[in-house]
Structures are given as structure tokens and as C-alpha cells.
Amino acid sequence: RSGSRMEAPQGRAAALATACLSYSRGGPGRALALRAVTAASAQDIDNVGRKYHLKLVLEDILDKDNIVNCTAEVLYHLGNTNAAPDVHFEIEGELKSTDEQDNTFYNRIRSLKEELVAQDIPDSHGNVPPEMEPIRALAQAAAGYVVWQNSTEDTQYHLAQIKHVRQVKRSDDYLEFDYMVLLHEFVSQEIIPWQMTVLWHPQHGVKVTQNSRQ
């Protein structure tokens with residue numbers, strides 16, 4: 001990781017910022033992961049909460065050459081509020097276009113004779129079949145939303161596995177998937193099953209319409 005050992009709270013804030021970036025910029029053709037934290041500081045804001053200022057290096061795990069720098073601010077609200085943390089980020093430069101991958105995936109799913117159903121991605125050996133990579137990348141982007149909405153300063157969630165995914169038939173242009181995923185919470189070491197209903201369209205990105213802890 002980075003040269004100096006990162007403080008745990010800064011690491012959690014960096015993981016949260018990465019989750020939000022994944023939700024906003026990820027999809028079947030792009031899976032963003034935190035590669036390094038190059039700078040991190042925290043400030044306490046009276047009666048509001050704690051704000052982290054971060055400089056991150058992200059990589060696309062589907063395309064290892066695609067590396068971007070990013071600055072982010074994460075504000076955790078004081079007290080036992082149910083408000084999600086405020087996350088703002090700015091990417092330096094451009095992420096590579098994934099139009100081609102997205103359209104290929106979209107057309108492949110649209111042309112299936114029967115709705116897609118799959119489970120255990122990755123399997124117990126950590127393997128993901130190549131045709132399931134976009135399904136996992138989409139889950140990672142969607143999980144970014146769940147992580148963002150449920151994070152506090154003391155949590156760090158990570159998508160561990162898709163237990164089950166089922167495509168839902170729709171009459172419009174969107175693809176819809178019903179996911180049951182396992183989230184790993186690093187601080188408590190809990191593995192939490194979570195249901196997510198996910199819409200996706202190449203032009204409109206990822207949208208989580210419903211999610212619930214199981």
C-alpha cells in the first residue's frame with residue numbers, strides 16, 4: 001500500500017470514498033478499487049462531525065492499466081444520526097471509456113432466451129468465470145451505494161461474494177437484477193447478507209432501487 005502505515009480511520013474513509021466512486025462511475029465494464037492513499041488528514045468541525053481530506057490512487061481491476069488519481073472529502077456526521085456520510089470527490093484526468101464493454105454486455109443479456117441466474121461469484125476457490133465478470137462489476141458498483149448509505153466512522157464494508165443473482169424481466173430498456181450479496185465488515189469481522197435490486201442501462205448507469213440487510 002502506501003509507504004507510511006495508514007491510520008485505520010483514514011483507511012476506512014478512503015474505502016468509503018472508493019465505494020462512492022464505484023457507485024457513481026462503476027458498472028459492468030469498470031470495477032474501481034483503491035490502490036493507494038497518498039495523503040490523508042482529518043479535521044473536527046464543531047457540532048457537525050469529522051471531515052477527512054484524502055488523495056487516492058484508484059485502479060480498474062478489469063483493466064489494470066487504467067489508473068487515476070482522485071481527491072475526496074468524507075464528512076461523518078456527529079452523533080447517532082441516520083444520515084449517510086457526505087462524500088465529494090474529483091477525478092484527475094479521464095477514466096477510459098467502457099462504452100464498448102457496456103454495450104456488448106447489454107446486448108448479450110438482452111439476447112438471452114431465458115433470464116440469467118447465477119450463484120457463488122466468486123466460487124470457494126476465488127474464481128470468477130469470464131462471462132460473470134460484468135455481473136460482479138455491476139454488483140460492486142451497486143454495493144458502493146449500500147456501503148455509502150450504511151457507513152459510519154467505525155465501519156468498513158467490502159463486497160465479499162454474490163451468493164445469488166437473478167435477472168428480472170422488464171418491459172422497458174433497463175436491465176434489472178436481484179442480488180443477494182455478502183458484505184464483509186472489517187472492523188467487527190461480520191459477514192452480512194444483503195439484498196439489492198439493481199437497474200442498469202448503458203446510457204444511465206447504475207441505480208439501486210431497493211436494498212435491505214437480511
Side-chain angles (χ1 to χ4, degrees), residues 1-2 6 10-40 52-75 84-106 121-122 126 128-151 155-162 165 175 177 179 181-186 194 196 198-208 211:
R1 292 291 166 186
S2 53
M6 200 175 27
Q10 296 169 354
R12 293 197 287 272
L16 172 58
T18 305
C20 289
L21 271 148
S22 285
Y23 180 57
S24 123
R25 299 297 178 84
R30 181 187 293 133
L32 294 172
L34 181 61
R35 185 169 179 154
V37 180
T38 53
Y52 290 84
H53 302 270
L54 305 158
K55 286 190 172 175
L56 313 174
V57 183
L58 302 173
E59 69 179 353
D60 180 353
I61 52 186
L62 301 178
D63 174 4
K64 292 282 199 243
D65 300 332
N66 195 6
I67 294 168
V68 289
N69 293 317
C70 158
T71 54
E73 289 185 348
V74 174
L75 172 67
D86 292 342
V87 181
H88 296 281
F89 55 80
E90 225 167 89
I91 294 172
E92 294 170 22
E94 279 298 306
L95 287 165
K96 275 191 204 167
S97 164
T98 58
D99 291 353
E100 200 181 327
Q101 297 93 312
D102 287 346
N103 288 324
T104 302
F105 171 73
Y106 182 76
I121 307 168
V128 178
E131 72 276 11
M132 287 298 154
E133 280 289 7
I135 291 287
R136 178 165 73 159
L138 182 59
Q140 188 191 320
Y145 174 79
V146 173
V147 169
W148 169 39
Q149 292 297 309
N150 293 279
S151 284
T155 61
Q156 182 176 339
Y157 294 101
H158 171 74
L159 175 64
Q161 189 188 36
I162 299 168
V165 57
L175 299 181
F177 297 96
Y179 282 99
V181 297
L182 298 180
L183 296 180
H184 178 196
E185 204 286 294
F186 284 140
W194 214 289
M196 314 186 292
V198 180
L199 293 188
W200 180 77
H201 187 281
Q203 262 73 61
H204 308 299
V206 182
K207 191 171 185 232
V208 178
N211 75 92

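Electrostatic pairing of Asp60 and Lys96 does not count as a salt bridge here, judged by no charged N lying under 4.0 Å from a carboxylate O.
Of all the heavy atoms in Ala14 and Val37, the pair that sits closest is CB-CG2, 3.6 Å. Residues Val206 and Ala141 share a closest heavy-atom pair of CG2-CB, 4.0 Å. Shortest non-hydrogen contact noted between Ala143 and Leu183 is CB-CD2, 4.4 Å. Residues Ala139 and Leu159 approach most closely at C-CD2, 3.9 Å, considering heavy atoms. When all heavy atoms of Gly29 and Asp102 are compared, the closest pair comes out as N-OD1, 3.2 Å. Ala137 and Leu62 make their closest contact through CB-CD1, 3.9 Å (heavy atoms, listed as atom of the first residue, atom of the second, distance).
Between His184 and Phe186, the ring-plane angle classifies as perpendicular under the 30° and 60° cut-offs.
Side chain of Glu185 to main chain of Gln156: a donor-acceptor pair is present (N/O by atom type, distance under 3.5 Å, no hydrogens or angles). Side-chain atoms of Thr38 come within 3.5 Å of backbone N or O of Lys55 as a donor-acceptor pair. Using a distance-only test at 3.5 Å, with no hydrogens or angles considered, no donor-acceptor pair links the side chain of Thr155 to the main chain of Ser151. Between the side chain of Trp148 and the main chain of Leu16, no donor-acceptor pair closer than 3.5 Å is present. Under a 3.5 Å cut-off, the side chain of Gln161 and the backbone N or O of Pro122 do form a donor-acceptor pair.
Other residues, nucleotides and ligands contribute at most 12 non-hydrogen atoms within 6.0 Å of the CD atom of Glu94.
Distance check: Leu138 CG to Met132 CE gives 12.0 Å after rounding to the nearest 0.5 Å. Interatomic distance, CG of Leu32 versus CD1 of Ile91, reported as 7.0 Å (0.5 Å rounding). With values rounded to the nearest 0.5 angstrom, Arg25 atom CZ is found 12.5 Å from Cys20 atom SG. How far CD1 of Ile61 is from CG of Asn66: 12.0 Å, rounded to the nearest 0.5 Å. Within the model, atoms CD of Glu92 and SG of Cys70 stand 8.0 Å from one another, a figure rounded to the nearest 0.5 Å. Here the straight-line distance linking atom CG of Asn103 with atom OG1 of Thr98 works out to 9.0 Å at 0.5 Å rounding.
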Worked verdict on Asp86 versus Glu73 for side chain to side chain contact (heavy atoms under 4.5 Å, CB included): CA-CA 8 Å; Asp86 292 342; Glu73 289 185 348; over 6 Å; no

Side chain to side chain contact (heavy atoms under 4.5 Å, CB included) assessment of Leu56 paired with Phe89: CA-CA 10 Å; Leu56 313 174; Phe89 55 80; over 6 Å; no

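Of the candidates Tyr179, Trp194, Tyr23, Tyr157, Tyr145 forms a ring pair (Phe, Tyr, Trp, His ring centres under 6.0 Å) with just one, namely Tyr23.
Looking at heavy atoms from C-beta onward, Arg30 lies out of side-chain contact with Asp63 at the 4.5 angstrom threshold. Side-chain contact between Leu34 and Leu58 is present, with heavy atoms from C-beta onward closer than 4.5 Å. The closest side-chain heavy-atom distance from Tyr106 to His201 is below 4.5 Å.
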